[in-house]
Amino acid sequence: MPLMTGEQYIESLRKLKTKVFVFGERVENFVDHPMIRPSINSVAMTYELAHDPQYEDLMTATSNLTGNKVNRFCHLHQNTGDLIKKVKMQRLLGQKTASCFQRCVGMDAFNSIWSTTYEIDKKHGTHYHENFRKYLEYVQENDLTIDGAMTDPKGDRSLAPSQQEDPDMFVHIVEKREDGIVVRGAKAHQTGSINSHEHLIMPTIAMKEDDKAFAVSFAVPSDAEGVFMIYGRQSCDTRKLEKNADIDLGNKNFGGQEALVVFDDVFIPWDKVFLCEEYEFAGVLVERFAGYHRQSYGGCKVGVGDVLIGAAAVAAEYNGASKASHIKDKLIEMTHLNETLYCCGIACSAEGYPTEAGNYQIDMLLANVCKQNVTRFPYEIGRLAEDIAGGLMVTMPSQADFDSEEIGSYCHKYFKGNGKVSTENRMRILRFIENMCLGSSAVGYRTESMHGAGSPQAQRIMIARQSNIEHKKELAKNIAGIKE
Ligand SMILES: Cc1cc2nc3c(=O)[nH]c(=O)nc-3n(C[C@H](O)[C@H](O)[C@H](O)COP(=O)(O)OP(=O)(O)OC[C@H]3O[C@@H](n4cnc5c(N)ncnc54)[C@H](O)[C@@H]3O)c2cc1C
C-alpha cells in the first residue's frame, strides 16, 4: 500500500496498541479523544493531499530505493529540486491546516540517518546503512508516519549524559545481547508521537567516549513492549472537551501534538539499530537532523503565517478598519516577514549539495539563518495580528453566551462590527487569531518556532562556525590596501 488515504491512515492508528496517558489516566481509544483528534486530522492531510492530482508533484516522489511512487514525507532528497519541493509542500500543508502537521520530523530523520549510517559503516565496517535501507523501504511501502525523536529530558544542562545523577536523563543502552539491545530513557516534546506508527530515535547532543552508551539510534514501533506516552497539554486544550465545542476553539478540525515518550527497558533487534556506541557520529547526526529541520520551518511556519495574515486582513474588514493606511502597512510588514522566512527556506534548499551516501543536504549556514529568523518573525507577525484584531479576541464572551435566549441578542448587538458581516463570523475570525497567538495553536506557531529544532543559541553557534570570518577579514584587508 504505497499511498494511504487520510481515512486509511486514521484506521491504521486504531490497529496499534499504543499506550497513551492523558490527565493521569490511560486512554484506550486515543484516535477519537477530542483533545488528540485534531492533531490526527492534521497528519491525515499529508495523506489526503497526496491523492489530489493538483498537488501530486509536491506531495509525492519516486523512491530511489524501490522505484515506486511514495509520499514525499518518506522520500530521500535526490537533488535540490526535491529540497525545494519539500519546503513548498510544507507551506501548502501549513496553509491547509494552520497547525503543525507533525510528519516532517520523520522525513528529516530519514535523510540525516541515511547519510550518517553510510559514513559510520565506512569507518567502522558496521551494517547500519543496510539496516536503515531495509527499514526505510518498509516505511515507504507502508506509507508510515514516523516520529523523529531527538530531544532527551537532559536533566542538568551543564552536565554530559554520563555525568548525570540519573543516567535515564538521556536514552541509553542498558544491555547488549546477541539478538539486539535493551534501551531505557525518554524523549521529550515529541511532535506527533502518539499519531506515529513508529519512532526513530537519535542522540540529542555531540558525545565523547565516556558517553558511548548514550550514542544510540534505532527504530521502534509505537506499541512495542515498554513504550508509553504522556500527552503534553496545551493552552486552552480543555475547550476541546466542552459540549458542542465549535467557535470557541478557533480551529476546530486541526491542531498539533507533543508528548513525552518513555522507553522502559525496551528491546530493539539488531536490524533496527542504526548507531550503537560510535559516539563520534552522535554530533554529526544531531547537526544534520537539526539542519534539515531548520530548513523545514522555512516552509511550515510560512504556510501557517499565510493563514494568520489572511485572518488579520479579514478581521480588519469585519472591524471596518481595512482601508486605514496603518492597517495596510501592517499587513505588508507581516507579508514581508513571512516571505523572508520563505526566502531562507528556498535558499538553503537551492544551495544544497549531495552527501557521500547520495541524498541531498541543505546549506547549513542558510538553514541556520532560516531558523534564527523563525525564532523571531512569527512573534512579530502574531503581535501585528493582535494589533489589527483588537481587544475583543481576548475579552469576547463564549459561544454559549451568543446562543443564550436571555443574553444572546445583547452579545450579537454589542459585538457587531461592519454592518454587512454577521457577529458570528466576526467572532469566528477573532477566535481563530486567539487560537494562533495564545491558544493551542500557539504551541506550534510561537514556542515551537522558538525551541523546535533547537533554541536560538544553537543556531548562533552554527552560524558562528559556518560564517568564515577569516575570509571576510581578508576581503576587507584587500580592498582597504592593508598589508600586514
Ligand atoms: C512545540 C515543540 C515541539 C518539539 N518537537 C520536537 C520533536 O518532534 N522532536 C524532538 O526531538 N524535539 C522536539 N522539540 C524539542 C526541541 O528541540 C527542544 O525544545 C530544544 O532543543 C530546546 O531544548 P529544551 O526545551 O530542553 O530547552 P533547554 O535545553 O532547557 O533550553 C532552555 C534555555 O537554556 C539554554 N541552555 C540549555 N542548555 C544550555 C547549556 N548547556 N549552556 C548554556 N545554555 C543552555 C538554551 O539555549 C535555552 O535558552 C520540540 C519543542 C517544542 C517546544
Next on the checklist: Between Q295 and K86, do the side chains contain a donor N or O and an acceptor N or O under 3.5 Å apart?
Outcome noted: yes

Checklist entry - Quick one: do R14 and E28 make a salt bridge, cutoff under 4.0 Å? => result no

Item to check | K88, NZ: over 12 other non-hydrogen atoms inside 6.0 angstrom | outcome: no

Checklist entry - Are side-chain N/O atoms of R72 and T60 paired as donor and acceptor at under 3.5 Å? => result no

Checklist entry - Judged by modelled atom types alone, do N195 and S39 share a side-chain donor-acceptor pair under 3.5 Å? => result yes

Checklist entry - Distance only, no hydrogens: is a donor on one side chain within 3.5 Å (strictly under) of an acceptor on the other, for E141 and N68? => result yes

Item to check | S296 and D108 side chains, donor-acceptor separation under 3.5 Å | outcome: yes

Checklist entry - Is a side-chain donor-acceptor pair under 3.5 Å present for R431 with N435? => result no

Checklist entry - Is a side-chain donor-acceptor pair under 3.5 Å present for H197 with S12? => result yes

Checklist entry - Does any non-hydrogen side-chain atom of F73 lie less than 4.5 Å from one of D143? => result no

Checklist entry - Do you see a donor-acceptor pair shorter than 3.5 Å between the side chains of T126 and D121? => result yes

Next on the checklist: Checking side-chain polar atoms at under 3.5 Å, does E7 have a donor or acceptor matched by the opposite partner on Y47?
Outcome noted: no

Checklist entry - Would you say the side chains of T204 and T151 form a donor-acceptor pair under 3.5 Å? => result no

Checklist entry - Out of W114, F132, Y118, Y128, which residue meets the ring-ring contact (aromatic ring centres under 6.0 Å, His included) rule with F274? => result F132

Checklist entry - How about E242: does its CD atom have over 12 heavy atoms from other parts shown lying under 6.0 Å from it? => result yes

Next on the checklist: Would you say that V266 contacts R184 through its side chain, given a criterion of any heavy-atom pair below 4.5 Å between the two side chains?
Outcome noted: no

Checklist entry - Do Q102 and T191 meet the criterion of a side-chain donor-acceptor pair at a distance under 3.5 Å? => result no

Next on the checklist: Is any side-chain heavy atom of F281 closer than 4.5 Å to one of L275?
Outcome noted: yes

Next on the checklist: Within the structure provided, determine whether R465 and E287 are in side-chain contact (heavy-atom separation under 4.5 Å).
Outcome noted: yes

Item to check | Reference residue H77; test ring-ring contact (aromatic ring centres under 6.0 Å, His included); the match among Y360, F110, Y353, Y292 | outcome: Y292

Checklist entry - Going by heavy atoms in the side chains, are K69 and P2 under 4.5 Å from each other? => result no

Checklist outcome for this item: Heavy-atom nearest pair, Q257 first then I194, reads OE1-N, 2.9 Å

Checklist entry - Is there a donor in the side chain of S222 and an acceptor in the side chain of H199, or the other way round, less than 3.5 Å apart? => result yes

Item to check | No-hydrogen, no-angle side-chain donor-acceptor test under 3.5 Å, H33 and N29 | outcome: no

Checklist entry - Does a donor on one side chain and an acceptor on the other come within less than 3.5 Å for Y9 and E48? => result no

Checklist entry - Does D147 pair with K187 as a salt bridge, N-O distance under 4.0 Å? => result no

